[in-house]
There are 2 protein chains.
Amino acid sequence: MRIRKSAEARRLEILQATLRLAGEVGPDRLTTETVARDVGLTQPAVFRHFATKQDLWDSVADYIGKTMEAGWAEATGRRGAAEHRLRSLVATQLRLIQSTPAIPAILFSRELHSRNAALRKALFGLMRRFHGLVARAIAEARDATVFRDDLDPDDGAFLVIGLIQGLALRWSLSGRAFGLVEEGRRLLDLQIRGFTRVTATRTQNRRPG
Amino acid sequence: MRIRKSAEARRLEILQATLRLAGEVGPDRLTTETVARDVGLTQPAVFRHFATKQDLWDSVADYIGKTMEAGWAEATGRRGAAEHRLRSLVATQLRLIQSTPAIPAILFSRELHSRNAALRKALFGLMRRFHGLVARAIAEARDATVFRDDLDPDDGAFLVIGLIQGLALRWSLSGRAFGLVEEGRRLLDLQIRGFTRVTATRTQNRRPG
DNA sequence: CTAGTTAGTTATTGATCACTAACTAGGTAC
DNA sequence: GTACCTAGTTAGTGATCAATAACTAACTAG
């Protein structure tokens with residue numbers, strides 16, 4: 001059967017299928033045949049829309065980047081306490097990973113990186129931008145005397161990002177057996193408790209484990 | 001030229017070459033031809049020592065596991081404060097990653113996982129064992145009233161492991177541009193400061209940023 | 001010295017891919 | 001309704017790999 005669609009609609013279909021399938025079989029094992037079947041096309045039809053497979057990956061990276069930036073803009077745009085903005089950033093990122101599990105798979109895939117330096121640079125740049133946003137939220141919370149004043153915002157942001165990445169990896173290896181966002185909230189609570197300035201009167205004990 | 005060696009010696013040579021090269025070109029892009037050339041053999045000679053490539057990967061995973069367990073045993077064997085054991089565990093792991101950069105590459109490689117469920121399970125099991133050791137050290141430090149008593153050891157261990165993984169990923173993406181162990185020590189200091197019980201009299205301020 | 005074993009070789013095969021060439025049918029402008 | 005454009009098709013190519021077949025030279029036991 002031959003179903004014709006507009007070039008633009010097909011491009012988007014192929015992009016999203018690639019992204020979804022990359023999360024299932026792994027970025028490097030994903031063939032154009034698999035993508036084509038998924039969107040209901042023959043394999044060569046993919047090359048009507050993307051000159052090379054590399055071009056397809058570049059577009060995917062671009063798509064991920066735009067999606068992330070949009071999410072971050074929304075999370076940082078809302079007014080409120082810096083600590084709340086920090087939570088919002090992390091939650092947004094985890095939701096994005098949960099809905100698009102290919103993201104860590106692509107980020108972690110050394111294959112794609114060594115094959116394509118541009119993609120690696122783009123992903124590294126994205127990570128740096130996210131780090132900047134997190135560090136900024138931490139710095140503001142520190143300046144508002146909510147976080148300890150000996151807390152280095154850059155290092156704090158590295159810990160928060162490590163929290164996300166460790167969680168994403170464990171989630172991935174576990175076969176996506178738990179809720180990323182809920183687990184993330186609990187861990188972030190703990191991490192933030194460690195960041196928080198402790199006044200002399202406050203002792204906040206819970207019963208031990 | 002035909003250089004004969006004992007089967008056992010060759011097996012080890014091939015294993016170590018695979019491990020090293022996996023870190024350079026990526027686990028899934030690594031061909032038996034590349035491995036063979038590296039140890040000075042022809043490609044089919046590899047199959048004199050490993051029945052299939054899968055078998056080679058299984059052996060690599062086993063080798064990594066044994067190396068890790070040995071390192072952990074040494075780090076936890078030494079007597080001393082629980083907090084010191086925690087630092088020792090993290091430092092050991094980072095040293096291991098620094099000397100064998102393929103480890104995160106293999107751990108993160110979704111390709112290998114989807115192709116080989118056994119490998120994935122083995123790696124997940126290793127991660128769980130490490131998590132157990134870290135959690136135990138944290139629990140002991142908490143019971144010794146060094147760490148806060150509302151600190152859940154499992155969650156604390158997840159944060160510490162996230163620290164390692166985030167660091168390893170950043171190190172890998174950055175082209176291994178910094179010292180893993182030093183950077184790790186600084187971040188672990190920060191993380192442990194967040195775990196530490198704060199007595200009412202202690203305020204520990206440094207000048208801000 | 002000889003027979004058997006084994007770590008190596010060269011040559012080849014079959015599978016899997018990305019990508020191309022040549023053709024075809026659906027949509028649209030006039 | 002005809003000419004043109006373009007999103008599709010089928011068929012096929014060349015590259016890359018893991019793995020095999022058949023043979024060979026080095027070592028080793030008797």
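Labels below follow one simple rule: chain letters A, B, ... track the order of the sequence lines, proteins then strands, and each chain is numbered from 1.
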Q: Check whether any side-chain heavy atom of F50(B) lies under 4.5 Å from a side-chain heavy atom of L15(B), and answer yes or no.
A: yes

Show me the protein contacts with nucleotides 20-27 of chain C, counting only N or O atoms at under 3.5 Å.
unit_1, atom_1, unit_2, atom_2, d
dA22(C), N6, R48(A), NH2, 3.2
dT24(C), O2, R2(A), NH1, 2.8

**Q.** Set of residues satisfying side-chain contact (heavy atoms from CB on, under 4.5 Å) with respect to T145(A), sequence neighbours excluded
**A.** R197(A)

Q: Give the rounded distance in Å between these two atoms: NE2 of H49(B) and P of dT20(D).
A: 15 Å

Q | Whole-Å distance separating the CD atom of E33(B) from the P atom of dA19(D) | A | 14 Å

Q: Return the set of residues passing salt bridge (Lys or Arg N to Asp or Glu O under 4.0 Å) with D55(B) (not counting sequence neighbours), or none when no residue passes.
A: none

Q) Counting only side-chain N and O atoms of T42(A), is one of them less than 4.0 Å from OP1 or OP2 of dT9(D)? A) yes

Q. Do E13(A) and L41(A) have side-chain heavy atoms sitting under 4.5 Å apart?
A. no

Q) Do L190(B) and D152(A) have side chains that get closer than 4.5 Å, going by heavy atoms? A) no

(Q) Suppose we screen for side-chain hydrogen bond (donor to acceptor under 3.5 Å, both in side chains). Which residues come up paired with R128(A), at least two apart in sequence or across chains? (A) none

Q: Quick one: list whatever passes side-chain contact (heavy atoms from CB on, under 4.5 Å) with Q16(B), sequence neighbours left out.
A: L12(B), Y63(B)

Q: Count the heavy atoms of every other residue, nucleotide or ligand shown that sit under 6.0 Å from CZ of R37(B), and state whether that count exceeds 12.
A: no

**Q.** side-chain contact (heavy atoms from CB on, under 4.5 Å) partners for D38(B), two or more places apart
**A.** A17(B), R20(B), L21(B)

Q: Tell me, please, which residues at least two apart from F195(B) pass side-chain contact (heavy atoms from CB on, under 4.5 Å).
A: I138(B), F147(B), L151(B), L159(B), V160(B), Q191(B)

(Q) Can you list everything that forms a salt bridge (Lys or Arg N to Asp or Glu O under 4.0 Å) with R136(B)? Sequence neighbours excluded, please. (A) E140(B)

Q: Give DNA chain D the dot-bracket treatment, 5' to 3': Watson-Crick (N1-N3 with N6-O4 or O6-N4) or G-U (N1-O2, O6-N3) under 3.5 Å, [ ] crossing, | other strand.
A: ||||||||||||||||||||||||||||||

**Q.** Atom pair distance, as rounded to whole Å: CD1 in I3(A) and P in dG8(D)
**A.** 9 Å

Check: protein-nucleotides 15-17 of chain C nitrogen or oxygen pairs below 3.5 Å:
none

Determine all donor-acceptor pairs shorter than 3.5 Å in which one atom belongs to a side chain in residues 91-98 of chain A; sequence neighbours excluded.
unit_1, atom_1, unit_2, atom_2, d
T92(A), OG1, S88(A), O, 2.8
Q93(A), OE1, W72(A), NE1, 2.9

Q) What do you reckon, is CD of E69(A) surrounded by more than 12 foreign heavy atoms closer than 6.0 Å? A) yes

Q | Those residues of residues 5-14 of chain B lying under 4.0 Å from DNA chain C by at least one heavy atom | A | K5(B), A7(B), R10(B)

